[in-house]
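Some notes on the structure that comes next.
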Amino acid sequence: MTGNKHFFSKIKVQKQLYLIYLIAILIPVAIIGSYLVFSSRSLLLDHYKDVAYADNLRAKSLLLDITTTIYNHSRSLAKDEALIELLSTDYDSAPETALTLKNYTGFYDLLSQDVSIQQIHVYTYNHTIPENAQLHHITDEVQKQDWFQRASASVSPFWSVTTVSDDFGNDITALCLYSRIFLPKQKSYAILNMTLSNNHMKNRIEGSSLYTVMWLNDEGIFYRSSRTQPEYDLITSYAPGTNRTYTGTVELDEKMIGCVAPLLSSYSRDLFYIASINSTGYAYIQKITYTYLSILLLILFATSMFIFLFSHYFSRRVIALREAMHNASLGNYHVIDSFPGEDEISDAFADLNIMIQDILHKEASIYEAQIRAQQLENQQQKMEFKMLSSQINPHFLYNTLETIRMRSIKAGCLEVANAIKLLGKSMRYVLQNTATSFTTLQKELDYIQTYLAIQKLRFHDRVNYSLKIRTPIDLEEYSIFPLLLQPVVENAVLHGLEEVEENGRIIIHILTQGSNLHIVIFDNGRGMTLEEIDHMQQNMRNHPEDSSKSIGLFNIYYRIQLYYGDTYGIRVQSKPGFGTAVTLILPAQPPTFRGDHV
C-alpha cells in the first residue's frame with residue numbers, strides 16, 4: 001500500500017485521474033459491456049434457432065401426417081377388390097364397360113372425402129377399359145417416363161416431384177406417390193399415382209412468419225410457403241442423403257437463421273427435407289448488436305470526454321492555486337480575485353484570500369463582492385440549466401414517430417407504418433388536450449376511432465366498432481371534456497370483450513334528449529349480472545382509496561358530477577350473454593363554452 005502511494009505521488013494529478021479512470025471505469029465497463037452485448041446476441045441467436053427448430057418440427061409433423069394419409073389411401077386402393085376386379089376384367093362391349101365404370105365410385109369417394117388429394121390416376125395394361133379422368137393406358141410414351149421405369153423396377157411405393165396441371169389448367173410442381181396395384185388374375189399390375197394437393201399443404205403448413213421450403217431427395221423443391229421470397233439454393237447447400245438436423249446460420253444470398261431437417265419415410269426409401277428459414281432474424285440480431293455496441297462506445301466516449309475535460313479543468317485549478325500560493329510566498333499579493341468551484345480547492349484558495357485580505361484590508365470588500373457575484377451567477381446558470389433540461393418538446397416525439405413510419409413504409413411494413421401513424425395521432429390529441437378544459441364532440445370521437453383502430457391492430461376480429469348518430473346531430477356543435485370517453489371504451493375492449501374470440505363489436509350511439517346529450521357505448525361481450533352492476537356502481541360512486549378497480553369510471557363520474565351537477569352522470573345497463581351498455585349523460589352545450597381546467 002505504501003508503494004502505491006509512493007507511485008501515485010510521483011505523477012501529476014491530471015495523469016492520476018486518467019490512470020484511475022482507465023483502471024476503475026474504462027476497462028471494466030468495456031469488458032462488462034462487451035460481455036453483455038455478445039451475451040444478448042447469443043441469447044437472441046438461440047431464441048431464433050429455437051423458433052426455427054420448433055417451426056421445422058411442426059412442419060415435419062404436418063408433412064408426415066399428410067404423406068402417411070396419402071400412403072394409407074394408396075394401400076386401401078391397392079386392396080380394393082372392386083378396383084382390382086375392374087382392372088383385371090377384359091370387357092367385350094362398350095355398354096358393359098361403361099356400366100362397370102359407372103358403378104365403381106372409389107375414386108370419387110376418396111377425392112370428395114379427403115381434400116389432401118388433388119388427383120388420382122391409374123395406369124393399366126388392360127386396353128379394353130376406356131380412358132377417363134382417372135384411368136389411363138400404359139402406352140409407349142408412358143413407358144419412357146422416369147417414374148414408370150422406376151415403378152416397374154421396384155415393388156415398393158415411392159415419392160416423386162412432378163409437374164402436373166391443376167383444376168384451371170396451370171402447370172404446378174406437386175408431390176406424387178407411385179405404387180403398384182397387383183392383379184393376380186392377369187399376373188400383371190397397374191400403377192397408381194396420387195398427387196398431393198398444394199392448397200391443402202399451404203393451409204396446413206403456413207402457420208408462422210418463417211419461410212418454409214420442402215424438397216424430395218435431390219429432385220427439387222415441391223413446396224415453398226411464399227412465392228415472393230427469393231430462390232434459395234437449399235438443395236446444393238444441404239447435401240442429399242444427409243440425415244442430420246442443422247440449426248443455425250444459413251449462408252445463402254445473405255446470412256439467415258434457419259433449421260434444415262430430414263424426414264425419412266418408413267414405407268419407402270425417399271428422404272424429405274424441410275427448411276424453416278427466418279429471413280430477417282440475423283439482420284435484426286446484427287442491428288441490435290451494432291446498436292448496443294454503438295451505445296457502449298458512446299458511453300465510453302462520453303465518460304472519456306467528461307474525464308478529460310474535468311481533469312483538464314481540475315488540473316488548471318490546482319496549477320492556479322499553486323501559482324497564487326507561490327506568488328504570495330514571494331510577497332506578490334496581486335493574485336487572481338476569484339476561484340471557480342466550491343470544493344476543497346476553493347476552500348484552500350479562500351483561506352489564501354483571507355490571509356491576503358488580512359494584509360490588504362482595502363481590497364477585502366472588493367474580493368467579497370466579486371465572490372458573491374460569481375456564486376450568484378453560478379446558481380442562476382444552474383437554475384436556467386435545470387429549467388431547460390426539464391422542457392420536453394413534443395415535436396421531437398412526432399418527428400421521431402414519423403421517421404420510423406417512413407422507414408417502415410420504405411421497408412414494406414405497411415401495417416407497422418399504419419400503427420405508428422395511429423399512435424402519433426393519438427399522442428398528438430392527448431398532448432394537445434392535457435391542459436385544455438373542453439373540446440368538440442367530433443374531435444373526441446375522432447380520437448376514440450383512432451384508439452379503436454389501434455386496438456383492432458392488436459386484437460384483429462375480436463374488436464370491431466361502429467358509430468351511430470341519430471340525425472340531425474352536428475358533432476361540431478357540442479362540447480365535451482377531452483379524454484372522457486376513452487376509459488369507458490377501454491373497459492369495453494379489455495373487460496367487456498375479454499372472453500370474445502371473434503366478431504366482437506363496440507357500438508357508440510350519439511343522441512340528444514331534450515337539453516341533454518346521451519353517449520351510449522355498447523359492447524356485445526359476456527355482460528354482467530345485477531350483483532356485478534351494483535358492485536360497479538358502488539365503486540364508481542364511493543371508490544375506496546386503496547383500490548384501483550373501476551378507477552377510470554370513478555374519475556369520469558367524479559368529473560361530470562363536479563362540473564355539471566347531480567342531474568348528470570353515468571348509467572350502466574347489462575345482461576349476461578348479451579353485452580353491456582354504458583350511457584354518459586351530459587348537457588348539450590355548444591363548443592364556444594369554456595371554463596377552468598377540469
[Y] and [X], any side-chain heavy atoms less than 4.5 Å apart:
X	Y	value
Leu271	Leu263	no
Thr580	Val582	yes
Val493	Phe459	yes
Val489	Tyr451	yes
Lys443	Ile480	no
Leu63	Met214	yes
Phe272	Lys60	no
Ile288	Arg41	no

Of all heavy-atom pairs between [X] and [Y], which one has the smallest distance, and what is that distance?
X	Y	answer
Met540	Phe554	O-CD1, 3.1 Å
Gly33	Leu296	C-CD2, 3.7 Å
Cys259	Asn56	O-ND2, 3.0 Å
Arg559	Leu483	NH1-O, 3.9 Å
Leu497	Gly525	CD2-N, 3.8 Å
Asp55	Thr212	OD2-OG1, 3.8 Å

Met528 and Val572: side-chain contact (heavy atoms from CB on, under 4.5 Å), yes or no, with the steps? CA-CA 10 Å; Met528 295 185 292; Val572 181; 3.9 Å; yes

Taking everything shown except [X] itself, do over 12 heavy atoms lie less than 6.0 Å from its [atom1]?
X	atom1	result
Lys456	NZ	yes
Tyr292	OH	no
Tyr558	OH	no

query: Any donor and acceptor pair, going by atom type alone, linking the side chain of Asn464 with main-chain N or O of Arg505 inside 3.5 Å?
result: no

| message | As a quick check of understanding, evaluate side-chain contact (heavy atoms from CB on, under 4.5 Å) for Leu553 and Asn491, giving each step before the final call. | response | CA-CA 9 Å; Leu553 291 178; Asn491 277 344; 3.6 Å; yes

Notebook entry, point to check: Does a side chain donor of either Thr173 or Tyr223 reach within less than 3.5 Å of an acceptor in the other side chain?
Noted result: no

Modelled atom types, side-chain donor and acceptor of Thr280 and Asn278, under 3.5 Å
yes

Could you state the interatomic distance from [atom1] ([X]) to [atom2] ([Y]), rounded to the nearest 0.5 Å?
X	Y	atom1	atom2	answer
Leu485	Ile556	CG	CD1	7.5 Å
Arg58	Arg204	CZ	CZ	10.0 Å
Leu57	Asp50	CG	CG	12.0 Å
Ile66	Met201	CD1	CE	5.5 Å

- Query: Are Tyr563 and Phe481 close enough, and set up right, to give a ring pair (Phe, Tyr, Trp, His ring centres under 6.0 Å), and what steps lead you there?
  - Reply: CA-CA 10 Å; Tyr563 203 89; Phe481 292 146; 5.5 Å; yes

- request: I would like to know whether Ile448 and Thr450 meet side-chain contact (heavy atoms from CB on, under 4.5 Å); could you show each step before the answer?
  value: CA-CA 5 Å; Ile448 292 301; Thr450 301; over 6 Å; no

Q | Worked check of side-chain hydrogen bond (donor to acceptor under 3.5 Å, both in side chains) between Tyr53 and Ser276 | A | CA-CA 8 Å; Tyr53 180 80; Ser276 298; over 6 Å; no

From the list Ile25, Leu26, Ile31, side chain to side chain contact (heavy atoms under 4.5 Å, CB included) with Val29 holds only for Ile25

- [ ] Go through the steps to decide whether Ile508 and Tyr465 satisfy the test side-chain contact (heavy atoms from CB on, under 4.5 Å), and finish with yes or no.
- [x] CA-CA 8 Å; Ile508 302 176; Tyr465 57 91; over 6 Å; no

For this session: Start with the C-alpha distance between Arg462 and Gln455, add both sets of side-chain angles, then the distance that settles side-chain hydrogen bond (donor to acceptor under 3.5 Å, both in side chains), and finish with yes or no.
Result: CA-CA 9 Å; Arg462 179 177 163 187; Gln455 294 291 6; over 6 Å; no

